[in-house]
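Let me begin by presenting the structure, written as structure tokens, before commenting on it.
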Amino acid sequence: MFEQRKVNHFGKLEMAFEPRRGYTRLVRVYQQPPLKASRELYEGQKPTATVFIMESSGGMVAGDRNEMDIKLAPDSQVRLKQQSALKIYPSHTGELCTQSIHVELEENARLEWMPEVIIPFERAKFQVDTTIRMMASSTLIWGEILAPGREMRGEIFNFQSFRSHYKLYVEDSLIAFDTLHFKPEEMDFSLIGLLEKALYIGTLWIVSPNVRELNVRDLQELMHAESDTQASVTKLNDYAIHCRWLSKEQRTLHKEINRMFLHVSNLI
């Protein structure tokens, strides 16, 4: 008999946007299951193209990998939303699930990546590498949320490993390199300086030539609206701000990061 071998999925999604006749259009798309992109959606006469990213397999299993490549031509305006949370299933084989995201923003382009939750299940192994390359005249608002696992099932930091690398380049200069590396079996998250009593981590990157017009103190006050969250805001330079939240509840964190997202989006 032939030995049955496990087939890992390799999802690919390539999207290119450019303005045409007053609207931003998805002019080129290549999609390889389970990754898929929706058609462009518009709110009234606004030129921003809203596109949903879908993962039709329901989650990533040991050895699976996803790759996304996103390019915005000059003056493009795009909002990307994940259809649902990204679920990382147990790695019974010990293999790592990987996801890579590469983004290029040309002059005066604008990209908004709406935050959704990454949920690593018990015994899951996951690594995500995100690289953003943008021009000084372009704008980026990028949000992410990491869960400790399936909290309602009692899975609290029971995954094997989680690693995230986030690199941000402006005019080919690296202005930010943010990394998270969690190995619960080797770490005590309750210690001071780690997560302490928090379970969820939220991140928001704001990069734009209009950042200099934002009042950091006002952003700090907005971030501390909920008592069960801890939050901080760091101004990297005149065109970049980094926000991070620690929270005990996913619902609270989601509400807070989305409120900040929309607040900043309206300002810049």
TODO: Would you sort out whether Asp238 and Val211 count as a side chain to side chain contact (heavy atoms under 4.5 Å, CB included), showing the intermediate values?
DONE: CA-CA 6 Å; Asp238 286 340; Val211 157; over 6 Å; no
Open item on the list: For a side chain to side chain contact (heavy atoms under 4.5 Å, CB included) check, start with the C-alpha distance between Asn66 and His9, then their side-chain angles and the critical distance, and finish with the verdict.
Closed with: CA-CA 8 Å; Asn66 286 335; His9 84 225; 3.3 Å; yes
If you compare all heavy atoms of [X] against all heavy atoms of [Y], which two are closest, and at what distance to 0.1 Å?
X      : Y      : result
Pro47  : Tyr42  : O-CE2, 3.8 Å
Met135 : Ser138 : O-OG, 2.6 Å
Thr24  : Asp75  : OG1-O, 4.4 Å
Val117 : Ala147 : CG1-CB, 3.7 Å
Met223 : Ser232 : CE-O, 3.1 Å
Gly202 : Leu253 : N-CD2, 3.7 Å

Open item on the list: Does the plane of the ring in His165 sit parallel, tilted or perpendicular to the ring in Phe177? Use 30° and 60° as the thresholds.
Closed with: tilted
Open item on the list: Using the salt bridge (charged side-chain N to carboxylate O under 4.0 Å, His left out) definition, which of the options Lys167, Arg163, Arg244 pairs with Asp178?
Closed with: Arg244
So, [X] side chain and [Y] main chain: donor-acceptor pair closer than 3.5 Å or not?
X      : Y      : result
Gln32  : Phe10  : yes
Glu171 : Ala136 : yes
Tyr239 : Ser137 : no
Lys125 : Gly94  : yes
Glu55  : Leu86  : no

TODO: Decide if the gap between the ring center of Phe159 and the ring center of Phe182 is smaller than 6.0 angstrom.
DONE: no
Does a side chain donor of either [X] or [Y] reach within less than 3.5 Å of an acceptor in the other side chain?
X      : Y      : answer
Glu144 : Tyr166 : no
Ser247 : Thr229 : no
Gln160 : Ser91  : no

Can you get from [X] to [Y] by hopping between Ile, Leu, Val, Met, Phe, Trp and Tyr side chains that sit under 4.5 Å apart?
X      : Y      : result
Ile132 : Met114 : no
Leu105 : Val51  : yes
Ile241 : Leu222 : yes
Leu236 : Leu219 : no
Leu267 : Val233 : yes

Atom [atom1] of residue position [X] - does it have more than 12 heavy atoms of other residues, nucleotides or ligands inside 6.0 Å?
X      : atom1 : result
Lys36  : NZ    : no
Lys71  : NZ    : no
Asn266 : CG    : yes

Task: Full working for side chain to side chain contact (heavy atoms under 4.5 Å, CB included) between Leu13 and Val29 - done: CA-CA 7 Å; Leu13 182 59; Val29 59; 4.1 Å; yes
Do [X] and [Y] have side-chain heavy atoms sitting under 4.5 Å apart?
X      : Y      : value
Met68  : Val103 : no
Trp245 : Met260 : yes
His254 : Tyr200 : no
Pro115 : Leu204 : no
Asn158 : Pro184 : no
Val61  : Asn8   : no
Arg79  : Lys46  : no
Leu80  : Ile53  : yes

Open item on the list: Between Arg150 and Ile119, is the side chain to side chain contact (heavy atoms under 4.5 Å, CB included) condition met? List the steps.
Closed with: CA-CA 7 Å; Arg150 293 179 293 181; Ile119 307 175; 4.2 Å; yes
Interatomic spacing from [atom1] in [X] to [atom2] in [Y] - rounded to 0.5 Å:
X      : Y      : atom1 : atom2 : answer
Leu41  : Leu26  : CG    : CG    : 11.0 Å
Glu95  : Arg65  : CD    : CZ    : 11.5 Å
Ile88  : Thr98  : CD1   : OG1   : 10.0 Å
Leu180 : Leu146 : CG    : CG    : 7.0 Å
Gln77  : Arg110 : CD    : CZ    : 7.0 Å
Ile257 : Leu262 : CD1   : CG    : 11.0 Å

Open item on the list: Assess whether a salt bridge exists between Glu116 and Lys81, defined as any Lys/Arg side-chain N lying under 4.0 Å from an Asp/Glu carboxylate O.
Closed with: no
Task: Lys/Arg-Asp/Glu bridge criterion (N-O < 4.0 Å) met for Arg123, Glu155 - done: no
Task: Partner of Phe126 under side-chain contact (heavy atoms from CB on, under 4.5 Å), chosen from Ser164, Cys97, Pro120 - done: Cys97
Open item on the list: Please identify which of these residues, Thr130, Ile70, Val78, meets the side-chain contact (heavy atoms from CB on, under 4.5 Å) condition with Trp113.
Closed with: Ile70
